[in-house]
> 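I have a structure here, written as structure tokens, and I will follow up with some questions on it.
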Amino acid sequence: MHIFANPNRFLGIARPLTPWLGWGGAVLTAIALLSGLFLTPPEQLQGESVRIMYVHVPSAWLGMGGWTGIAVASLMQLVWRHPLAAVAARAVALPGALFTAICLVTGSIWGRPTWGTWWEWDGRLTSMLVLLFLYIAYIALAGATADRAGGSRVAAIFGLVGAINIPIIKYSVDWWNTLHQTASITLTKNTIDPSILWPLPIALIGFSMLFGGIVLMRMRALLAEARIEARLKRMADA
Amino acid sequence: MKAKHQRLVLALVAVGAIIGAAFLAMSALKDTAALFRTPSEVAKGQVPIDKPMRLAGMVVPGSIARDADGVTIRFLLTDEGATAPVRFRGITPDLFKEGSGAVAEGRLGADGIFVADNILAKHDERYMPPQMESAMKSEKDKAARQGRRP
Amino acid sequence: MNHWPFIIAAYAITIAGLAGLTLASYAAMRRAEARADAVRKSR
């Protein structure tokens with residue numbers, strides 16, 4: 001992990017990797033979405049609306065995964081003082097928030113023709129909305145309290161404490177009576193028929209690659225801004 | 001540095017407040033009724049009469065009946081433990097059907113009938129293509145005709 | 001209820017959001033890295 005501590009080593013890998021993640025992610029996402037629109041059958045109860053799954057589920061997983069990444073990076077920043085950790089956490093926040101918002105909006109759109117409602121305050125929907133609020137708070141906090149290197153202790157603590165919401169989201173459908181159904185895919189079981197399931201892993205990989213590409217681009221921008229600040233300060237002091 | 005110190009303290013307080021609010025929301029969700037009650041809870045008398053609430057279960061096959069006025073429907077909700085009668089006047093969602101899950105929003109009457117003013121459909125975690133069983137059956141028939149094992 | 005308007009809306013919002021953030025992040029990165037190079041060169 002620590003070979004990336006020197007920004008030049010990181011940039012040496014990030015620069016060539018960024019277009020691979022960006023273009024590769026775009027291509028896989030396009031394949032997954034086109035497959036989901038034209039190559040899969042409707043669901044016997046939900047009809048054609050099941051196709052929304054291919055955008056809703058990967059967004060949900062990445063929205064939650066994003067905050068998990070923020071929590072891990074915050075831990076590395078606070079405990080191991082990894083110099084890139086704070087920058088990584090800040091870079092993940094906006095894409096994480098976007099995927100969470102996409103999950104909420106596509107979920108609402110899916111709920112209207114199936115459940116018959118755009119929104120209910122059940123455990124799953126409410127905890128996902130809380131996640132979006134946490135992201136917005138984190139972005140504001142990190143932006144307001146960033147030091148010259150782009151890091152923030154307060155934001156790191158927030159990132160760690162907020163992680164409690166992730167298992168709450170995951171187990172909400174088991175702990176409480178919710179409108180949202182229980183998990184279809186777990187480590188031990190899968191209740192999605194293969195004819196409907198197959199574009200989902202493609203969508204997940206495509207979305208994840210786009211997520212990774214966006215994070216790398218945002219990290220590169222943050223590091224460039226830190227370089228500019230340091231250079232300007234050195235020139236002013238000289 | 002004093003002002004910056006104050007800003008940090010304020011930020012921490014704000015953070016604490018956000019987290020506290022979120023936890024409050026979660027515990028409130030947990031303590032008050034979950035999104036819905038079940039027919040078993042109604043049978044055990046755990047459900048208050050004439051209070052706005054939701055009742056959810058599976059629509060008992062064969063139980064949907066339309067009243068003489070042509071608009072009101074009656075059906076039974078079950079959770080494998082007990083059954084509760086529901087009366088509803090209005091439009092049901094497309095996914096509302098017998099053998100499928102439903103959430104009724106309304107009030108429990110003193111006569112034990114749940115009077116709903118809104119019906120939501122609830123589906124489980126399974127995803128199947130249509131005519132799964134008939135596709136499998138026609139495969140078996142085709143194999144039998146060709147004299148090979150299905 | 002015809003589900004296709006809902007499907008189109010969900011896909012359109014997803015694609016717009018992803019494309020928008022990808023392009024915005026790319027533009028911000030190019031701007032910042034170009035400025036960093038310019039500052040580095042200006043002794």
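The structure displayed is predicted, hence computed values, not measured ones. Here is the naming used below: chain letters follow the sequence lines, and residue numbers restart at 1 for every chain.
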> Tell me the closest heavy-atom pair linking Phe36(B) and Leu179(A), and the distance in Å.
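Closest approach of Phe36(B) to Leu179(A): CE2-N, 4.2 Å.
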
> Please report the closest heavy-atom contact between Lys122(B) and Gln181(A), naming both atoms and the distance.
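Reported closest heavy-atom pair: NZ-CA, 4.4 Å.
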
> For the candidates Val161(A), Ile192(A), Ile157(A), which exhibits the highest count of non-hydrogen atom pairs separated by less than 4.5 Å from chain B?
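Ranked by contacts with chain B, first place is Ile192(A).
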
> Could you check if a side-chain atom of Lys97(B) sits within less than 4.5 angstrom of a side-chain atom of Leu45(A), using non-hydrogen atoms only?
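Contact flag for Lys97(B)/Leu45(A) side chains = yes.
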
> Using heavy atoms and a sub-4.5 Å threshold, report which of residues 100-115 of chain A line up against chain B, by residue number.
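Heavy-atom contacts from residues 100-115 of chain A to chain B are Trp110(A), Pro113(A), Thr114(A), Trp115(A).
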
> Between CG of Asp122(A) and CZ of Arg54(B), what distance do you get to the nearest 0.5 Å?
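Taking CG in Asp122(A) and CZ in Arg54(B), the distance rounds to 9.0 Å.
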
> Please look at Ser100(B) and chain A and tell me whether the side chain, the backbone, both or neither of the residue comes under 4.5 angstrom of a heavy atom of that chain.
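Answer is side chain: those atoms of Ser100(B) sit under 4.5 Å from chain A.
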
> Among Leu120(B), Val103(B), Asn118(B), Ile91(B), who wins on heavy-atom pairs under 4.5 Å with chain A?
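So the answer, after comparing Leu120(B), Val103(B), Asn118(B), Ile91(B), is Leu120(B).
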
> For residues Glu125(B) and Lys189(A), report the shortest heavy-atom separation together with the two atoms involved.
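That closest heavy-atom pairing would be OE2-NZ, 3.5 Å.
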
> How far does CG of Leu200(A) sit from OH of Tyr127(B), to the nearest 0.5 angstrom?
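One gets 9.5 Å once the value is rounded to the nearest 0.5 Å.
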
> Ala155(A) versus chain B, heavy atoms under 4.5 Å apart: side chain, backbone, both or neither?
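Ala155(A) has no heavy atom closer than 4.5 Å to chain B.
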
> Using non-hydrogen atoms and a 4.5 Å limit, figure out which bit of Ile164(A) sits close to chain B: side chain, backbone, both or neither.
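Just its side chain gets close to chain B.
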
> Taking all non-hydrogen atoms of both residues into account, name the closest pair between Pro130(B) and Pro41(A) and its distance.
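Between these two residues, the closest heavy atoms are CD-CB, 4.4 Å.
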
> Glu43(A) side chain to Pro129(B) main-chain N or O, any donor-acceptor pair under 3.5 Å?
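Such a contact is absent between Glu43(A) side chain and Pro129(B) backbone.
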
> Under the ring-ring contact (aromatic ring centres under 6.0 Å, His included) test, which residues partner Trp118(A), sequence neighbours left out?
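Expected list: none.
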
> Quick one: are Glu41(B) and Asn177(A) in side-chain contact, heavy atoms under 4.5 Å?
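Glu41(B) reaches Asn177(A) side chain to side chain.
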
> Would you give the length of the straight line joining atom CG of Leu95(B) to atom OG of Ser49(A), rounded to the nearest 0.5 angstrom?
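Leu95(B) CG to Ser49(A) OG: 7.0 Å, rounded to 0.5 Å.
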
